2 protein chains.
Amino acid sequence: MTTGHVPYSSETLRAELNAKGCRMTPQRETILNVFKDLPEGEHLSAEDLHHRLRDLGEDISLSTIYRTVRLLARMGVLRELELAEDHKHYELNQPRPHHHHHLVCVKTNRVIEFKNDQILTISKKVADKFGFKVLDCELRIVGVSPEGQRSIF
Amino acid sequence: MTTGHVPYSSETLRAELNAKGCRMTPQRETILNVFKDLPEGEHLSAEDLHHRLRDLGEDISLSTIYRTVRLLARMGVLRELELAEDHKHYELNQPRPHHHHHLVCVKTNRVIEFKNDQILTISKKVADKFGFKVLDCELRIVGVSPEGQRSIF
DNA sequence: ATGCGTGCAAAGTCTTTGCAGCTTC
DNA sequence: GAAGCTGCAAAGACTTTGCACGCAT
C-alpha cells in the first residue's frame, strides 16, 4: 500500500497513542493507511472501510473498526461527518487548506463539497473565545437541489 | 398551550401540507406547538419530544413522532441537528437572525451555541452557485473544551 | 509481565415499516 | 369515498460491549 503525501506518519500516530497509554497495532496502522490513500473528498462509513479492507486482503473485525475510527476521531486524526444518511462517515482530518464543507439536498441526498477559508477563521475565533482547541469544523448547508425542487416529496 | 411569537401558524402548516397532498392532523399540530414553545436554543430528540408530550397529557406514538419530525424537517419547518450524541435533535427552523451554530467538545460532549451572521451569508452564496434553495445551515465546530483538555480520554 | 487490543457473538439503541382501522379533504 | 395518518408490534440498521486470548510495551 502506498502511503500518500500527508505528513502524518504511523510513527506520529504511535507516539500520540503511547502518550495516552494506548498502543500502535497492525490494525490501526492499516486503517490509517487506508485513509491516507483516500482521494480528497471521499469519506468512508465503518461498513465501507470494512469492505475496502477485505478487498485489500486485510481481515479486521467490524468491532475493531468501530473502536478505531472512534478513537482516531477523538484524537483529531479523523474527521467525523454526518451527512444526510443515517450513519457516520470518516475521512482524514486535513490541515487548513484542504478543509471542505458540505451542501446537502434533503430530497435527493446529493452531497456537494466546497471549500471556504473564512469558515476556519471564524471557527478559530469562536473556539478561542471559549477556550476550546479546534479539531475540526464543518459548515453543513441543507437545502433543496435543482432536481429536488421538481419533486413533490 | 401558548403558541409563542413565531410567525408560523398551524394554518400555514396546513396549507403547506395540503399543497403536497398531505393533511393536517391533531398530532402534527400538537408537535408543531411544542416546538413553537421551546425556548431558543433548546432542541429535542424524538424521545425527548415523546416525554414532553406525555407530560402535557398528549399520547402520541413514537412512530408518529419519528414520521412527523422527518416530514417537518424535509419541509424546512424543523431543523435537524446532529450533535455529539448518537441521535438527532430537532428545533424550529428560525429565520435568519435567530440562527445559531454549535461548538462541541469531543471529550465531554459539552455543546455551546453561538451566533454568527456571516455564516448565513456564506451559505446563501454557496447554495446559489449550485442552484440550491437553502433550508438550513449549521457551522459545527468540534474540539476539546478546557475541561476536556485535562483528561486523558 | 502487565494490561491494552482484538475478534466473536450477543445485546443495545435509535429508527423504520406492515397492517388494520380511523380521519381528513 | 379515497387517500392519508395513526398506533401497535415487529423488524431493521448501525453501533457497542463482555469476555477470553493474544500482542505491544
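We name chains A, B, ... by the order of the sequence lines, and we start the count at 1 in each one. Remember, predicted model here, so these are calculated numbers, not experimental data.
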Ignoring the backbone of [X], work out which of [options] is nearest its side chain.
| X | options | result |
| --- | --- | --- |
| B/P26 | D/dC5, C/dT24, C/dT15 | C/dT24 |
| A/T64 | C/dT6, D/dG7, C/dT16 | C/dT6 |
| B/K88 | D/dA24, C/dT15, D/dC8 | C/dT15 |

Overall bend of the helix from C/dA1-D/dT25 to C/dC25-D/dG1 (five pairs an end, 10° steps) is 50°
B/K36 and B/S10 have their tightest heavy-atom pair at NZ-N, 4.4 Å
Looking at the base of [N], is there any donor atom on it, or on the side chain of [X], that sits under 3.5 Å from an acceptor on the other one?
| X | N | value |
| --- | --- | --- |
| A/S63 | C/dC8 | yes |
| A/T25 | C/dT6 | no |
| B/R67 | D/dG4 | no |

Atom-pair distance ([atom1] on [X]; [atom2] on [N]), nearest Å:
| X | N | atom1 | atom2 | value |
| --- | --- | --- | --- | --- |
| A/L53 | C/dG7 | CG | C1' | 15 Å |
| A/E11 | D/dA24 | CD | P | 13 Å |
| B/E29 | C/dT24 | CD | P | 11 Å |
| B/D48 | C/dT13 | CG | P | 15 Å |
| B/H89 | C/dC14 | NE2 | C1' | 12 Å |
| A/L17 | C/dT6 | CG | C1' | 15 Å |
| A/H50 | D/dT15 | NE2 | C1' | 14 Å |
| A/H87 | C/dT15 | NE2 | C1' | 14 Å |

For the backbone of [Y] and the side chain of [X], can you confirm whether one donor and one acceptor N or O come within less than 3.5 Å of each other?
| X | Y | answer |
| --- | --- | --- |
| A/D55 | A/R52 | no |
| A/H50 | A/I60 | yes |
| B/N93 | B/G76 | yes |

When rounded to the nearest 0.5 Å, the distance separating SG of A/C137 from CG of B/L103 is 10.5 Å
Using only side-chain N and O atoms of [X], determine if any of them is under 4.0 Å from OP1 or OP2 of [N].
| X | N | value |
| --- | --- | --- |
| A/Y66 | D/dT16 | no |
| A/Q27 | C/dG7 | yes |
| B/R28 | D/dT6 | yes |
| B/R14 | C/dT24 | no |

- Residues that B/H101 engages under ring pair (Phe, Tyr, Trp, His ring centres under 6.0 Å), provided they are two or more places apart: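 B/H101: ring pair (Phe, Tyr, Trp, His ring centres under 6.0 Å) contacts with B/F114.
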For A/E47, the salt bridge (Lys or Arg N to Asp or Glu O under 4.0 Å) test, sequence neighbours excluded, returns none
Practice prompt. Please determine, by modelled atom types, if B/H43 and B/E80 share a side-chain donor-acceptor pair under 3.5 angstrom.
Written response: no
5'-most contact on DNA chain C (nearest-nucleotide basis), B/L62 vs A/D59, goes to A/D59
For B/R23 and for B/R70, locate the closest nucleotide of DNA chain C by heavy-atom distance; then report the residue assigned to the nucleotide nearer the 5' terminus.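 Between the two, 5'-proximity favours B/R70.
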>> Mind checking if A/E47 touches a base, just sugar-phosphate, or nothing, with heavy atoms under 4.0 Å?
In response: nothing
